[in-house]
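One structure is given here, and the rest of the page talks about it.
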Amino acid sequence: MSCNQVHERRLDESSLTNLAEYQISTKGSYKCCQCAYNSGYQQGSLLQRFISLDIDSLGDTHTGPDGNHKSIHQAFALGYSDGVNSFISS
């Protein structure tokens, strides 16, 4: 089952491939890296100083291209960095 949440920005599959092969927290298992990336991107594009990854708000994924068993924390950090770069570029 792939994540059924809307992803405003899609993280390129090659970027997902480069994420660590594990979930740091068992609570983060089967959570969507695309959702984590989007959360980070949104917070980064607003230059939020106090950032937070709300694991419970991420979609569930068990198969497919949404980053199953990849690090949601790395996906979030990548999204935040991309969001900050987007703010700087605009």
Side-chain angles (χ1 to χ4, degrees):
M1 162 176 95
S2 291
C3 177
N4 61 4
Q5 292 191 19
V6 176
H7 303 118
E8 291 185 30
R9 298 186 56 84
R10 292 287 300 179
L11 184 59
D12 184 273
E13 289 303 310
S14 64
S15 296
L16 282 179
T17 303
N18 294 327
L19 298 178
E21 284 290 334
Y22 61 93
Q23 300 281 343
I24 293 172
S25 165
T26 56
K27 184 177 182 182
S29 293
Y30 301 108
K31 290 297 185 177
C32 178
C33 283
Q34 296 288 350
C35 288
Y37 176 85
N38 275 269
S39 177
Y41 187 91
Q42 181 181 28
Q43 292 177 54
S45 66
L46 297 173
L47 296 183
Q48 287 184 292
R49 293 185 334 175
F50 302 103
I51 61 175
S52 176
L53 173 57
D54 180 6
I55 294 173
D56 292 331
S57 72
L58 304 177
D60 294 319
T61 181
H62 295 282
T63 62
D66 295 322
N68 188 23
H69 293 297
K70 296 290 186 170
S71 173
I72 56 174
H73 296 87
Q74 284 183 320
F76 176 84
L78 180 61
Y80 185 83
S81 176
D82 288 352
V84 169
N85 288 332
S86 172
F87 177 87
I88 292 169
S89 298
S90 62

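The side-chain heavy atoms of Gln43 and Phe76, taken from C-beta on, include a pair separated by under 4.5 Å.
Residues Tyr80 and Ile88 share a single hydrophobic cluster, defined by chaining ILVMFWY side chains whose heavy atoms lie under 4.5 Å apart.
Side-chain atoms of Gln5 never come within 3.5 Å of backbone atoms of Cys35 as a donor-acceptor pair (strictly under, hydrogens ignored). Distance alone, capped at 3.5 Å, places no donor-acceptor pair between the Ser81 side chain and the Ala77 backbone.
Across His73 and Leu53, no two heavy atoms sit closer than the pair CD2-CD2, 3.9 Å. Contact record, Cys32 with Cys3: SG-CB, 3.7 Å, taken as the closest heavy-atom pair. Between Ala36 and Leu58, the closest heavy-atom pair is N-CD2, 3.5 Å. The two residues Asn38 and Glu8 have their closest heavy-atom pair at OD1-N, 3.3 Å.
Every side chain to side chain contact (heavy atoms under 4.5 Å, CB included) that Leu47 has, sequence neighbours left out, goes to Val84, Phe87. Legend: residues meeting side chain to side chain donor-acceptor pair (under 3.5 Å) with Ser86, ordered by chain and number and at least two apart, are Tyr41.
The CG atom of Asp54 sits 9.0 Å away from atom NZ of Lys31, with the distance rounded to the nearest 0.5 Å. The OH atom of Tyr37 sits 5.5 Å away from the CG atom of Leu78 when rounded to the nearest 0.5 Å.
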